[in-house]
Peer 1: 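The following block contains the structure, expressed as structure tokens.
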Protein chains: 2
Amino acid sequence: MSTREILLETAEKAVRRRGYDGFSYADLSAKVGIRKASIHYHFPKKEDLALALMMRYRETVIKDLERISKQHTLAGKRLSEFVDIYRQALGNCDMLCLCVAFSSGPDSLNKDILEEITCFQTEANAWLTEVFELSIKDKTILNVIDSNNDAAACLALVQGAQLVARAADDIMEFEKAVAGLMNRVKT
Amino acid sequence: MSTREILLETAEKAVRRRGYDGFSYADLSAKVGIRKASIHYHFPKKEDLALALMMRYRETVIKDLERISKQHTLAGKRLSEFVDIYRQALGNCDMLCLCVAFSSGPDSLNKDILEEITCFQTEANAWLTEVFELSIKDKTILNVIDSNNDAAACLALVQGAQLVARAADDIMEFEKAVAGLMNRVKT
DNA sequence: GTCTATAGTTTGATAGAC
DNA sequence: GTCTATCAAACTATAGAC
């Protein structure tokens, strides 16, 4: 793994644990084992790092969603896998997904990063809408009235479920929050 | 309004816009019109301010919920009012509710504040559980299977809906996310 | 690419006069 | 209660040697 990739990997975990304002180049320096100045070589400004993080995250998740679509033909199964991505991202209830971590303090983020977040949300929404659309045909998710609204609700639900689970430091809060959605899945 | 109350009021908005790490005593000083040192008289440490903020917030919301319970006897109407609290808190999609704002970076918060957040979530969950329980009798919310899970899902949903709406800077994202829930309300 | 050294700000916090 | 003055520490960022 290149130094740049190690930096991104380490920084992502830091942001997901403590937020964008909550980590510094000094933290990164200590954890990665190179000097602060060297980090500036790879990412001249902290904003550059943040943007690279969000771009990498978006690409990763989109690839995950494409993989899920290929591996699973049933809408219900795809939805379960989607929820699982957010469940995994919680770790030991000490992390949020990067998108949620960034979404909390947008006022200190610049336009490019906000755009990247919005773009991610749009793509996730589109993928979910397709899933709910498909479920109307294959009947693997019950009570779908409006695919668009169901998609938006689903995205908000898993993100909010992360927040409450993290605050309570209890994965069961996540499970309780998504239980109703998962009960609609019949495969 | 006392200086202390003005400070709390101003600080709350700052936290909800920029997060706990994103605002400083210098910001507060400029907005309120007293010197930094004077703020330290009221709140010796920033943690003291944060704790006071979260306690005040919890008390306010609990009172709101009690008021709603008194004003409305139908479960569906109570749920609508609950969602409205979170809708209002969004402002012009530039703010989160204090609980969500704090939940995002718990690693930098001390134990007392985290306890206050957990306590708030527990109380909100209990109130919501009662609402869904009531709805089984008065039939003003449809498809209630497990009141406990429905409550957890509802809390996660409104909090997540705030996140996505704020990121998109579009109140419609909030509305789309809660549309499915509101469709279950029949009054 | 990584280092040392350092600039220039901002941060949370304190001492002591009024 | 609020002020001036000041602190030590942390922060982002840059210059220049290797």
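Only a predicted model underlies this, so the values are computations on that prediction, with no experimental measurement involved. A, B, ... follow the sequence lines: proteins, then strands. Residue 1 opens every chain.
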Peer 1: Report yes or no: is the cationic atom of Lys46(A) (NZ for Lys, CZ for Arg) under 6.0 Å from the centre of the six-membered ring of Phe23(A), at an angle within 45° of the ring normal?
Peer 2: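 Yes, Lys46(A) lies over the aromatic ring of Phe23(A).
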Peer 1: Near DNA chain C, counting only heavy atoms under 4.0 Å, which residues of residues 24-37 of chain B show up?
Peer 2: Ser24(B), Tyr25(B), Ala26(B), Lys36(B), Ala37(B)
Peer 1: Hey, are Gln71(A) and Glu66(A) close enough side-chain-wise for a donor-acceptor pair under 3.5 Å?
Peer 2: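 Distance-only check fails for Glu66(A) and Gln71(A).
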Peer 1: Please name all residues satisfying side chain to side chain donor-acceptor pair (under 3.5 Å) with Thr187(A), sequence neighbours left out, ordered by chain then number.
Peer 2: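 For Thr187(A), no residue satisfies side chain to side chain donor-acceptor pair (under 3.5 Å) once neighbours in sequence are set aside.
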Peer 1: So, using side chain to side chain donor-acceptor pair (under 3.5 Å) as the criterion, who are the partners of Arg58(A) when residues are at least two apart?
Peer 2: Glu116(A), Glu123(A)
Peer 1: With a 4.0 angstrom cut-off to heavy atoms of chain B, pull out the first and last contacting nucleotide of DNA chain D, in 5'-to-3' order.
Peer 2: dG1(D) to dT4(D)
Peer 1: Is any side-chain N of the basic residue among Arg78(A) and Glu130(A) closer than 4.0 Å to the acidic one's carboxylate O?
Peer 2: no
Peer 1: If you pin Thr3(B) and His40(A) to their nearest nucleotides in DNA chain D, which one's is more 5'?
Peer 2: Thr3(B)
Peer 1: Tell me what Phe43(A) touches on the nucleic acid: a base, only sugar-phosphate, or nothing, going by heavy atoms under 4.0 Å.
Peer 2: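 It contacts nothing in the nucleic acid.
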Peer 1: Just jot down the side chain to side chain donor-acceptor pair (under 3.5 Å) partners of Thr140(A), sequence neighbours excluded, or say none.
Peer 2: Asp138(A)
Peer 1: Whether Asp94(B) and Arg17(B) form a salt bridge (side-chain N of Lys/Arg under 4.0 Å from carboxylate O of Asp/Glu) is what I want to check.
Peer 2: yes
Peer 1: Scan for ring pair (Phe, Tyr, Trp, His ring centres under 6.0 Å) pairs involving residues 62-98 of chain A, sequence neighbours excluded, and state none if there are none.
Peer 2: Phe82(A)-Tyr86(A), Phe82(A)-Trp127(A)
